[in-house]
Amino acid sequence: MPSLASARYGKDNVRVFKVSKEEGGRQAVTEMTVCCLLEGSIDTSYTIADNSVVVATDSIKNTIYVKAKEHPVNPPELYASILGTHFLDTYAHIHAANVRVVVHRWTRYEVDGRPHPHSFLRDGEETRIVSARVSRDEGVRLTSGIQKLTVLKSTGSAFHGFVRDEYTTLPETWDRILSTDVDASWTWSFPTGLPAVQESAALFDGAWEAARTITLKTFAEDNSASVQNTMYKMCEQILAAVPETQSVSYALPNKHYFEIDLSWHKGLKNTGADAEVYAPQSGPNGLIKCEVTRS
Ligand SMILES: O=c1[nH]c(=O)c2[nH]c(=O)[nH]c2[nH]1
């Protein structure tokens with residue numbers, strides 16, 4: 001006898017753009033992509049075609065727009081918590097809302113040396129991510145993060161001392177290129193409900209800023225022994241810098257840049273200390289993950 005083991009539904013890829021008109025004619029903009037999936041006493045919609053328990057995904061999309069108009073969309077942690085809480089407050093049979101907000105970059109740019117009041121540029125594919133699970137059992141549970149922050153260092157990275165056996169072909173290296181697309185996230189220990197999130201709203205931007213700065217500075221300055229060790233150092237520092245975080249995670253692809261032996265052409269030296277021209281690889285790539293929590 002089959003039974004519905006789990007179910008959630010909603011609207012994904014809802015693109016929202018908000019203009020905030022500030023004093024003196026200055027404007028600020030936020031572009032985000034929102035996903036909102038609901039859980040609750042909705043099994044009968046799957047099992048016996050009972051649509052009376054279904055808040056249409058079209059209505060969920062409309063709610064995303066209305067809440068963006070009625071409330072601040074910054075910080076995204078606050079907006080996601082407000083949106084998720086709305087569904088529990090409004091529909092007694094909905095027990096949890098899972099909201100994911102992806103914030104895209106629009107950075108104000110300068111004209112004639114001055115920040116322009118209403119013009120912005122897309123400086124990279126990096127996104128700021130927030131996941132809020134709002135449930136009757138556990139209140140608001142938040143995860144914040146950074147994704148698609150692509151970085152590269154042309155030296156200051158080594159990898160040696162690893163297992164050598166009959167499967168090993170990789171030479172040890174004391175100087176290599178290191179590149180990755182940073183996927184970093186951190187969970188918050190404090191919130192139990194929307195009021196706690198509202199009280200803490202000022203923390204979220206600071207934490208994002210600290211995580212981003214620590215990631216970039218450590219990536220640049222660490223004399224990296226491995227991706228594993230460098231990412232662990234990043235986690236330690238973020239936990240120290242933001243006491244309200246409970247855990248920090250990274251998932252880092254190791255985007256390989258291979259040396260090319262060009263000695264076949266007139267004895268050209270292009271390996272080891274002479275390496276200048278490399279072949280960027282699109283795959284396969286390493287993928288190194290970790291989560292560091294407070295003990
Ligand atoms: O930093 C690294 N960690 C590894 O686990 C690994 N494995 C590998 O082939 N290269 C690297 N680099």
Side-chain angles (χ1 to χ4, degrees), residues 102 105 123-129 131 143-187 207-242 245-265 268-295:
V102 179
R105 283 179 82 80
D123 58 340
E125 290 311 302
E126 177 192 351
T127 54
R128 177 173 170 179
I129 312 274
S131 296
T143 303
S144 308
I146 296 167
Q147 285 185 359
K148 298 185 192 168
L149 172 59
T150 301
V151 288
L152 178 146
K153 64 194 293 187
S154 51
T155 188
S157 166
F159 186 59
H160 48 81
F162 50 87
V163 174
R164 295 212 78 81
D165 60 15
E166 68 271 35
Y167 295 100
T168 312
T169 55
L170 184 73
E172 295 184 299
T173 179
W174 280 259
D175 185 10
R176 66 175 180 174
I177 290 174
L178 186 60
S179 179
T180 191
D181 303 324
V182 175
D183 176 343
S185 61
W186 49 97
T187 62
W208 174 80
E209 193 77 53
R212 193 171 187 276
T213 302
I214 288 165
T215 299
L216 293 175
K217 187 171 160 64
T218 308
F219 182 80
E221 293 181 354
D222 184 39
N223 212 349
S224 175
S226 63
V227 174
Q228 285 89 332
N229 183 239
T230 300
M231 73 207 292
Y232 184 77
K233 289 177 179 172
M234 293 172 180
C235 292
E236 279 184 317
Q237 290 176 73
I238 294 171
L239 286 170
V242 190
T245 53
Q246 178 57 35
S247 66
V248 178
S249 301
Y250 277 83
L252 299 181
N254 190 0
K255 301 172 76 178
H256 307 299
Y257 286 68
F258 286 170
E259 288 186 5
I260 310 169
D261 184 352
L262 295 177
S263 60
W264 53 271
H265 183 79
L268 270 181
K269 291 182 175 163
N270 191 54
T271 56
D274 298 311
E276 289 180 297
V277 176
Y278 294 79
Q281 304 295 299
S282 40
N285 57 269
L287 178 60
I288 321 282
K289 298 184 175 195
C290 74
E291 179 183 17
V292 181
T293 58
R294 292 183 194 283
S295 44

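Here, residue 1 is the first one in the sequence, and each next residue gets the next number. Just so you know, ligand 1 is whichever comes first in the structure, and atom 1 is the first atom listed for that ligand.
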Any donor-acceptor pair under 3.5 Å from Asn270 side chain to Ile260 backbone: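 The answer is yes, because a donor-acceptor pair under 3.5 Å joins these two groups.
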Thr271 side chain to Asp261 side chain, donor-acceptor N/O pair below 3.5 angstrom: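 No - no donor-acceptor pair under 3.5 Å links their side chains.
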Side-chain H-bond candidate by donor/acceptor type, Thr245 with Arg294, under 3.5 Å: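 Side-chain D/A pair, Thr245 to Arg294: present.
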Neighbour count >12 (heavy atoms, 6.0 Å) for atom CD, Glu276: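 Check fails, neighbour count at 12 or below.
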Note: Glu126-Arg105 ion pair, threshold 4.0 Å (strictly below):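 So Glu126 pairs with Arg105 through a salt bridge.
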Taking a 3.5 Å cut-off between nitrogen or oxygen atoms, can you list every pair linking ligand 1 to the protein, with distances?
{"residue": "ligand 1", "atom": "1 (O)", "partner": "Arg176", "partner atom": "NH2", "Å": "2.9"}
{"residue": "ligand 1", "atom": "1 (O)", "partner": "Val227", "partner atom": "N", "Å": "2.8"}
{"residue": "ligand 1", "atom": "3 (N)", "partner": "Gln228", "partner atom": "OE1", "Å": "2.8"}
{"residue": "ligand 1", "atom": "5 (O)", "partner": "Gln228", "partner atom": "NE2", "Å": "2.9"}
{"residue": "ligand 1", "atom": "12 (N)", "partner": "Arg176", "partner atom": "NH1", "Å": "3.1"}
{"residue": "ligand 1", "atom": "12 (N)", "partner": "Arg176", "partner atom": "NH2", "Å": "3.4"}
{"residue": "ligand 1", "atom": "12 (N)", "partner": "Asn254", "partner atom": "ND2", "Å": "3.3"}

With Lys289 via salt bridge (Lys or Arg N to Asp or Glu O under 4.0 Å) - residues at least two apart: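 Checked Lys289 against salt bridge (Lys or Arg N to Asp or Glu O under 4.0 Å); zero matches.
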